[in-house]
Amino acid sequence: MVRAEGHVLIEMPNYRMHSDAAVLDFGRDQANLQGNVMLETPEQVVTGDSLQIDLKTGDWTFSATPPERVRSTIRPTQFIIAAKEPLYISGYKITALARKKVEGPEGAETIPTPRRIIVDHARLTSCNLEHPHWHLEGDSEKALVVKPGRVAVIDRPSLYILGHKIFTYPGKIPIPLRERRYSAALVPEVGYNEVEGYYAHFQHPYITGARSDGIIRLHLSTRRYVGLGVAHAFDNGQNRGLIDFFVEPKPGSYSLNLRHMLRWKQTFTSNFSSSVQHESGYFSQSATSLSHNLRLSYRDRDLSTKVSFRDTRYLGTFSSTRFDSNIQVRQRIRKLFEYNLEANYRLFNRTNFPAADQELETSLTFQGGTKWFDWRTSATQRFDVDRGDYPNDNYRVLNVVPEVSLRSNLRRLHVPLPRNVLTKYMLNLPIQLTLGRYREEPGTLLLYRVRWDLPLPGYTKRLGDWGRFSTTSSFVQVWYNRHASQHTWRNITSFTADLPDKWSTQFTHYWQQPQGFAALRTDVMEDANRMQLAFARRGDHTRLNFSTGYDIKRNRYYDIQATGQLRPSLHSRLAAQTGYSIERSEMRPLVVRYDYSDYPNLRLGASTRYDFDRGRLSTVSLDADWLISRQWAVDSRLAYDPSRNTFDDAQFRVTRDLHCWVSQLVWVPRQQEVRFNLSLKAFPQLNNIFGIGRGRRVSAIPGVYF
């Protein structure tokens with residue numbers, strides 16, 4: 001037994017303890033600390049009058065003499081993703097139950113994170129003020145039970161706001177500490193839109209077991225009246241899923257979403273999802289949509305198999321049905337070769353067509369390699385199950401029955417060549433030979449084909465410090481069994497030069513000439529002979545680019561294109577783009593974009609498009625994220641069409657930071673949407689449907705209620 005007084009510091013793996021006095025009983029694996037005790041772990045900090053800790057199991061108990069309290073801060077790292085700020089917990093006694101001691105790195109013993117924390121007469125808040133803006137308070141010995149990384153459950157809590165007791169909840173309230181697939185706002189959301197009218201959305205979280213929880217939704221609106229729903233999630237590691245059901249009896253609308261994943265074994269999993277939406281009001285008052293998906297997967301070191309089915313139906317003014325199924329098998333046979341088998345079946349049907357489109361595509365590929373060459377053989381076949389009865393069945397497909405491809409180079413083939421500069425390039429050039437039998441549809445063309453691909457050595461020459469010359473070439477030869485053949489030469493030559501005052505120029509010539517006849521569409525090569533010329537200037541704060549070209553084969557000029565960019569400062573950029581058509585003797589539209597970014601205070605973007613042909617502005621858009629102060633922020637998006645004098649897009653969001661709370665007001669004039677919500681910063685409301693700024697848009701998703 002060891003006694004210590006004064007400023008006592010005890011350090012253990014994952015634990016750091018301070019106190020005025022301590023007694024360590026190594027025979028019983030216990031430590032008792034007294035006076036100004038502080039316990040620090042990677043996830044939390046606890047302070048109180050006395051601490052008793054079991055050095056073997058990691059269990060510990062903090063206590064204080066009322067009215068003094070034990071205080072604990074649980075950091076967001078313990079909450080996985082859901083919580084964004086610390087939780088501040090206090091009580092007369094805090095007890096932590098941990099797992100047994102485990103072996104850490106290099107055999108060191110590590111006391112794990114507690115799996116359960118029990119707080120006597122608990123107070124819980126996310127406000128770090130001495131007199132918090134809000135807190136929940138329970139008056140029982142086990143008023144609060146925290147399961148780190150999952151949930152905190154408070155029993156019969158009373159809500160206090162600004163020190164005043166608002167009400168007492170008669171049951172238990174679970175507060176999620178992990179990522180959810182749905183939003184569980186602690187405060188009702190109110191607003192107005194053209195579908196629901198004036199509305200209020202209430203949500204209440206619940207917990208039913210160690211690995212299952214959910215929320216209950218109550219929607220009240222002036223146009224759709226009462227809506228009730230439940231979202232229940234479960235996850236035991238091997239088996240997880242979500243059941244989400246919502247119904248509005250008055251308009252007769254409902255939605256059902258199911259998701260389920262089951263890991264039968266380490267190598268075999270199944271995924272199933274189903275969604276039904278009926279008369280949501282956001283898309284069509286008489287529409288019903290159904291979607292069902294099933295995927296089975298098997299994977300080990302050398303074998304991978306996937307089977308999937310998807311059925312999607314829309315029942316409304318224009319009904320449609322789509323069914324897809326897929327099977328894929330991929331296996332590696334030792335180190336010899338691997339194969340891939342895939343089959344896809346598709347069915348599409350619409351009520352305004354007399355027949356349904358049905359297709360089946362299959363493919364089988366084998367590939368491997370030797371020290372001399374790599375080989376690949378494949379076969380693909382498309383079957384038109386409906387035999388062309390579908391009115392819009394104008395497909396084009398090339399069936400391969402089968403094809404063999406060999407790829408190598410002179411080095412791997414051990415071809416003896418004299419040692420010179422040309423040999424150095426030729427030894428590593430890839431050579432590919434392809435032999436196959438093909439059927440092209442529509443039609444009944446059946447051909448045998450041999451194709452030879454040969455890239456030729458490229459050449460690059462530095463021209464002092466001011467330029468560079470380069471050229472690359474390739475040759476393709478194709479033979480067909482119907483006494484037809486085609487060979488194609490291709491060459492790309494470029495010349496780059498540096499000019500005075502940070503200017504540079506590049507001249508590129510592209511030449512390709514096929515000779516003979518290509519019996520398959522996929523072998524048809526372009527007869528091309530064109531030149532391109534570009535000038536560019538890159539300064540410290542500016543960039544200018546001009547380019548044009550001439551097609552010698554078709555005797556026509558390309559547009560003169562001009563782009564420019566100016567960076568007056570590190571925070572701003574001005575860019576412009578336009579062009580001139582030599583063939584039509586007219587200017588192309590001028591597009592100007594200005595961006596300013598002083599993250600996180602302000603991000604501003606404005607763009608215009610001026611049409612020279614019509615002599616007017618065609619589009620003006622503006623988007624901004626403005627952090628006015630530490631408390632206020634404004635996001636907006638605007639798109640204005642001067643020709644029609646209308647706003648194609650207008651969205652606004654005002655955010656107010658209320659220390660430990662945050663409020664948002666969203667306004668979308670075009671959808672007649674006004675929405676207000678108030679949420680805790682520690683547990684922000686997931687703004688999945690409505691949200692703007694940084695690439696997100698305010699919009700209602702058709703057929704979705706929440």
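These values consider heavy atoms only, across backbone and side chains, with no hydrogens, waters or symmetry-generated copies.
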Beyond-backbone contact of Thr377 with Val404, side-chain heavy atoms, under 4.5 angstrom: yes

Heavy atoms from other residues, nucleotides or ligands near CZ of Arg462 exceed 12 (cutoff 6.0 Å): yes

Aromatic plane relationship, His571 with Tyr596 - under 30° parallel, 30 to 60° tilted, over 60° perpendicular: tilted

Close side-chain approach of Arg412 to Lys371, heavy-atom, < 4.5 Å: no

ring-ring contact (aromatic ring centres under 6.0 Å, His included) involving Tyr580 - partner list, sequence neighbours excluded: none

Gap separating the CG atom of Leu617 from the CG atom of Leu590, nearest 0.5 angstrom: 9.5 Å

Within 6.0 Å of CD in Gln266, more than 12 heavy atoms from elsewhere: no

Approximate separation, where rounding is to 0.5 Å, of Ser474 OG and Leu454 CG: 8.5 Å

Electrostatic pair Asp623:Arg593 at N-O distance under 4.0 angstrom: yes

Val397: partners by side-chain contact (heavy atoms from CB on, under 4.5 Å), with sequence neighbours left out: Arg382, Tyr395, Asn399, Glu441

Minimum-distance pair of heavy atoms, taken over all atoms of Thr548 and Ile560: OG1-CG1, 3.8 Å

Check: Ala650 main-chain N/O paired with Arg670 side-chain donor or acceptor under 3.5 Å: no

Results of side-chain hydrogen bond (donor to acceptor under 3.5 Å, both in side chains) for Arg468 - residues two or more places apart only: none

Test item: side-chain donor near acceptor, Asn326 and Glu342, under 3.5 Å: yes

Partners meeting side-chain contact (heavy atoms from CB on, under 4.5 Å) with Leu398 (sequence neighbours left out): Tyr438, Glu440, Leu520, Thr522

Selection residues 612-635 - residue pairs positive for ring-ring contact (aromatic ring centres under 6.0 Å, His included), sequence neighbours left out: Tyr610-Phe612

Polar side-chain atom of Thr460 near backbone of Ser470 as donor-acceptor pair, under 3.5 Å: no

Counterpart residues, salt bridge (charged side-chain N to carboxylate O under 4.0 Å, His left out), relative to Asp465 (two or more places apart): none

Asn481 side-chain N/O to Tyr448 backbone N/O, donor-acceptor pair under 3.5 Å: yes

Evaluation steps, side-chain contact (heavy atoms from CB on, under 4.5 Å), between Leu544 and Trp503: CA-CA 9 Å; Leu544 293 174; Trp503 283 90; 4.3 Å; yes

Derivation and outcome, side-chain contact (heavy atoms from CB on, under 4.5 Å), residues Ser408 and Ile431: CA-CA 5 Å; Ser408 185; Ile431 304 172; 5.9 Å; no

Check: Asp453 side chain, Phe475 main-chain N or O, donor-acceptor pair, under 3.5 Å: no

Separation between CZ of Phe495 and CD of Gln506, rounded to the nearest 0.5 Å: 10.5 Å

Salt bridge (charged side-chain N to carboxylate O under 4.0 Å, His left out) against Arg376, all qualifying residues, sequence neighbours excluded: none

Val450 side chain near Leu433 side chain, heavy-atom distance below 4.5 Å: yes

By salt bridge (charged side-chain N to carboxylate O under 4.0 Å, His left out) - contacts of Glu526 (at least two apart): Arg530, Arg554

Atom CG of Leu336: over 12 foreign heavy atoms under 6.0 Å: yes

Residues Val329, Leu303; criterion side-chain contact (heavy atoms from CB on, under 4.5 Å); working and verdict: CA-CA 8 Å; Val329 181; Leu303 176 63; 4.0 Å; yes

Backbone N/O of Gln561 and side chain of Asp559: donor-acceptor pair under 3.5 Å: no

Trace of the side-chain hydrogen bond (donor to acceptor under 3.5 Å, both in side chains) decision for Asn271 with Ser273: CA-CA 7 Å; Asn271 289 270; Ser273 66; over 6 Å; no

Nearest heavy atoms of Gly369 and Asp374, plus distance in Å: CA-OD1, 3.7 Å

Side-chain (Ser378) to main-chain (Leu364) donor-acceptor, under 3.5 angstrom: no

Over 12 foreign heavy atoms within 6.0 Å of CZ, Arg609: no

Side-chain heavy-atom pair Glu586, Arg588 within 4.5 angstrom cut-off: yes

Asp641 to Ser618 - nearest heavy-atom pair and separation: OD1-O, 3.4 Å

Residue list, side-chain contact (heavy atoms from CB on, under 4.5 Å) with Pro514, at least two apart or on another chain: Gln486, Thr488, Met525, Asp527

Beyond-backbone contact of Trp452 with His487, side-chain heavy atoms, under 4.5 angstrom: no

Arg656, CZ atom: more than 12 neighbouring heavy atoms under 6.0 Å: yes

ring-ring contact (aromatic ring centres under 6.0 Å, His included) pairs, two or more places apart, involving residues 505-560: Tyr550-Tyr557

side-chain contact (heavy atoms from CB on, under 4.5 Å) against Tyr459, all qualifying residues, sequence neighbours excluded: Lys461, Phe469, Thr471

Pro600 versus Leu627, closest heavy-atom pair with distance: O-CB, 3.6 Å

Pairwise side-chain contact, Ser643 with Arg616, heavy-atom cut-off 4.5 Å (strictly under): yes

Step-by-step side-chain contact (heavy atoms from CB on, under 4.5 Å) determination, Ser572 to Tyr594: CA-CA 7 Å; Ser572 59; Tyr594 176 76; 3.6 Å; yes

Side-chain H-bond candidate by donor/acceptor type, Tyr480 with Arg449, under 3.5 Å: no

Donor + acceptor pair across side chains of Asp498, Ser504 (<3.5 Å): no

Side chain proximity check, Pro568 to Leu566, heavy atoms < 4.5 angstrom: yes

Reported CD1-to-CD distance for the pair Ile333 and Gln331, which is rounded to 0.5 angstrom: 4.0 Å

Side-chain heavy atoms of Lys502 within contact of Arg538, under 4.5 Å: no

Considering all heavy atoms, the nearest Ala606-Leu622 contact: CB-CD1, 4.0 Å

Nearest heavy-atom neighbours spanning Ser473 and Asn491: OG-ND2, 2.7 Å

Short N-O contact, Arg310 and Asp324, less than 4.0 angstrom: yes

Salt bridge (charged side-chain N to carboxylate O under 4.0 Å, His left out) partners for Arg573, two or more places apart: Asp595

